[in-house]
Amino acid sequence: MALPGSLWRQPASRGLVSHCTHHHIVVFLLTFFSYSLLHASRKTFSNVKVSISSQWTPSCLNSTAPELRPYELWNSSHLFPNAEEATLFLGTLDTIFLFSYAMGLFVSGIVGDRLNLRWVLSFGMCSSALVVFFFGTLTEWLHFYNKWFYCCLWVVNGLLQSTGWPCVVAVMGNWFGKAGRGFVFGLWSACASVGNILGAFLASCVLKYGYEYAFLVTASVQFAGGVIVFFGLLTSPKEVGLPELGADEDGSVEEDANRPLMGNDDADDDDRNYSIQATDTDDQPKAIGFFQACCLPGVVLYSLAYACLKLVNYSFFFWLPFYLSNNFGWKEAEADQLSIWYDVGGIIGGTIQGLISDVLQKRAPVLAISLLFAVGSLFGYSRSPNSKPINAVIMAITGFFIGGPSNMISSAISADLGRQDLVKGSSEALATVTGIVDGTGSIGAAVGQYLVSLIQENLGWMWVFYFFILMTSSTVLFISPLIVREITLLLHERRLRMLAE
Amino acid sequence: ASGRCPCPGQGVALGLCWGRCWSGVPGTPRCPVCVRRDLTENPLTPLPNGSFLGFTRLQPLLPSAVPLALECPGGSGAWDEVTTLGSSRLCQGQRNPCNAWPCPENAACAPAGPGLVQCLCNSPFHGYKCLRQGTFPVLLFCGILGAVTLSLSLLLWGTQRRKAKIP
């Protein structure tokens, strides 16, 4: 791929290199790993599903075979009569988690900046680590299995985990300004995938000791991360006397970099009334409210698109190991290790597509093309033969085309939307818009988890993939107005340039 | 050498009353080594299914004697040789029922009395359904994690937050 270096380095690297201190690096790494650890503990849950459903059910044999003895060893656990119902319940837990996570995001986005980001993030990580410990480890040690208790814990976990994303995005937004956003956020959004890999790795390492230790390890590491964040994170450059990012940085280069990404002149005309509304409340420095944020151009469309895409992306990371061990009969630990390739694809995809979109200074067309390829790769993956290397390759390709766009919408595009001209000077908008996009996405993902378990139960895995293909196509449909806008803008600009010459 | 004494490991079997316990070792009247379980004076007929699980603890492949009216424990198919001895039926040469018994992964079949089997975990495996293997190194894990957390916290506090103006 031939990248015209002069084109992308100008907006990206100038801000990066000239302002980068060791504080920036530490903040980047701390926020990166904070969110990674939060994601890791979620991934752990999906990676131990087979073990948990074994633990919750009596041994399943065909009705003709005599019962296994001794009873205590094989049949004493009766939370669910069979693995199918346990699977359904695990899917319900995913759904519950994602719904409460989505609700939490909408709230966290608004509340986030009004509290000390460091305390909120640290509190969220430590408390959610404790909940995970109760959920997975303590209940197993005490042999206390109760459906309602599990549900309650997972609701609380979703709410606590939702503090993570708005906080880390806001901290990143404080430190890394508009210059070089695409590149920094593109690289940084790999944190979710790194978290998946970390979670899968930790889980597969200790799963042989029992699933409770998989939870114990991820929860402990997450708790430790929360402690480190509390002692080490600087939430804003002004804490150490560095100049705040603001008006002085809004050079013409950055203006150019931002403008095409966030709608266009037509949209500005359409939405002038909103900016007037926003100025009404400009008395408070913190400004934008929930509904105003919703009305910003592109927010609703990207939110809906992300709802469809996150559905597919999350279904992959929640269900992939289960699918592999269920459909191909591979061992759970092997399936976990194999499912890492999806995230590897996602990281590479997010970074490369982020760079391309920086070069083009257009995000929607890159997304659309990637998603069209995603449809093809999903089709291919659904017909993957029972061979681990082939499966891994197709899985990585699928991750490249699905995880990549998903990362881009949730971080770089959210930042574009939250930092557009209409909300300039309102740092609050970033967290709120991030919350709206990610929250809508999480609702989609929540609905999806339930649908996936239902479809799988009634129609089989093949239909799950058809469902994924449908959802990916819907994503393209939702961003198509934005593509049309950006392309007409591109043509408009070119015409202007030709006229000027 | 006959006296009324319980064979070891039989007390748990559903209130079954064992008759004589024939010792094969002379000179040990109190706790003789069982050579046969005698059920001829057992009032329960038929013998409840599963009652022979009590045989699992010790010497599961022991011969048994039952009243003539009763089948051998586990059915005559569970024994090599069924003979009549006075008013009782003598069941000898208990077959090992494990030959074609499928146990789940990580478990192996073990005889559990006449016609009965159980599945026990293979050596490194333990826990419910034999899913677990080995012991988690709790101390090592806690030590490493604690040390890393402490040193990273100190390092970052020193380089980052020590200079911070806002608490």
Side-chain angles (χ1 to χ4, degrees), chain A residues 22-23 26-27 29-30 33 50-52 54-61 65-77 116 118-119 137 140 143 206-214 216-217 220-221 223-236 238-241 331-332, chain B residues 49-50 52-53 56-57 74 97 101-107 109-113 115-121 124-138 140-167:
Chain A
H22 69 95
H23 295 304
V26 169
V27 164
L29 291 176
L30 271 180
F33 281 106
V50 176
S51 292
I52 289 191
S54 287
Q55 184 73 44
W56 284 349
T57 52
S59 295
C60 50
L61 288 172
E67 213 174 83
L68 279 172
R69 294 195 170 91
Y71 176 84
E72 296 76 30
L73 186 58
W74 300 106
N75 293 305
S76 61
S77 186
N116 187 318
R118 179 171 61 100
W119 291 355
T137 311
E140 176 57 36
H143 292 285
V206 298
L207 197 57
K208 62 175 179 176
Y209 301 115
Y211 80 92
E212 66 270 27
Y213 292 104
L216 178 72
V217 167
S220 311
V221 173
F223 193 92
V227 172
I228 294 170
V229 161
F230 183 81
F231 286 112
L233 184 67
L234 291 165
T235 54
S236 157
K238 65 183 172 190
E239 284 196 344
V240 283
K331 277 185 183 161
E332 194 179 15
Chain B
N49 201 10
F52 297 98
L53 273 175
T56 54
R57 286 227 208 119
W101 187 267
C103 271
E105 213 178 343
N106 306 332
C109 177
L116 296 169
V117 295
Q118 57 184 347
C119 290
L120 299 175
C121 298
F125 297 96
H126 59 92
Y128 186 62
K129 291 186 182 175
C130 307
L131 291 170
R132 291 166 175 78
Q133 189 185 357
T135 320
F136 182 72
V138 178
L140 183 73
F141 173 72
C142 291
I144 291 176
L145 188 68
V148 170
T149 310
L150 189 69
S151 47
L152 268 180
S153 297
L154 284 174
L155 178 75
L156 290 180
W157 178 267
T159 56
Q160 309 292 315
R161 285 216 62 85
R162 197 161 51 88
K163 301 173 241 167
K165 286 167 192 161
I166 305 165

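Each chain gets a letter, A, B and so on, in the order its sequence line appears, and its residues count up from 1.
- With a threshold of 4.5 angstrom between heavy atoms, A:Val27 does not approach chain B through any atom at all.
- Only the side chain of A:Leu30 comes within contact range of chain B, with at least one heavy atom under 4.5 Å from a heavy atom of that chain.
- Within the 4.5 angstrom heavy-atom criterion, no atom of A:Phe223 approaches chain B.
- Side-chain N or O atoms of A:Ser59 include one that pairs as donor or acceptor with a backbone N or O of A:Trp74 at under 3.5 Å.
- Remark: A:Arg118 is positioned above the aromatic ring of A:Phe230, its terminal NZ or CZ atom under 6.0 angstrom from the ring centre and at most 45 degrees off the axis.
- Contact of the B:Leu152 side chain with the B:Thr149 side chain is not registered, since no non-hydrogen atoms from C-beta on lie closer than 4.5 Å.
- The residue among B:Gly127, B:Cys119, B:Cys103, B:Gly158 with the most heavy atom pairs within less than 4.5 Å of chain A is B:Cys119.
- Counting heavy-atom pairs closer than 4.5 Å to chain B, the top residue among A:Val240, A:Val227, A:Val217 is A:Val217.
- Only the side chain of B:Leu145 comes within contact range of chain A, with at least one heavy atom under 4.5 Å from a heavy atom of that chain.
- No part of B:Cys142 comes within reach of chain A, as not one of its non-hydrogen atoms sits under 4.5 angstrom from that chain.
- For the residue pair A:Gln55 and A:Ser51, no side-chain donor N or O sits within less than 3.5 Å of a side-chain acceptor on the partner.
- Neither the backbone nor the side chain of B:Leu150 has a heavy atom closer than 4.5 Å to any heavy atom of chain A.
- Your options are B:Thr135, B:Leu154, B:Leu155, and the one with the most heavy-atom pairs under 4.5 Å with chain A is B:Thr135.
- Contacts of B:Phe141 with chain A are made by side-chain atoms alone, with heavy-atom separations under 4.5 Å and no backbone atom involved.
- Donor-acceptor pairing under 3.5 Å is lacking for the side chains of B:His126 and B:Gln133.
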side-chain contact (heavy atoms from CB on, under 4.5 Å) between B:Gln160 and A:Glu239, worked out: CA-CA 10 Å; B:Gln160 309 292 315; A:Glu239 284 196 344; over 6 Å; no
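- Below 30°, between 30° and 60°, or above 60°: for B:Trp157 and A:Phe231 the angle between ring planes is above 60°, a perpendicular geometry.
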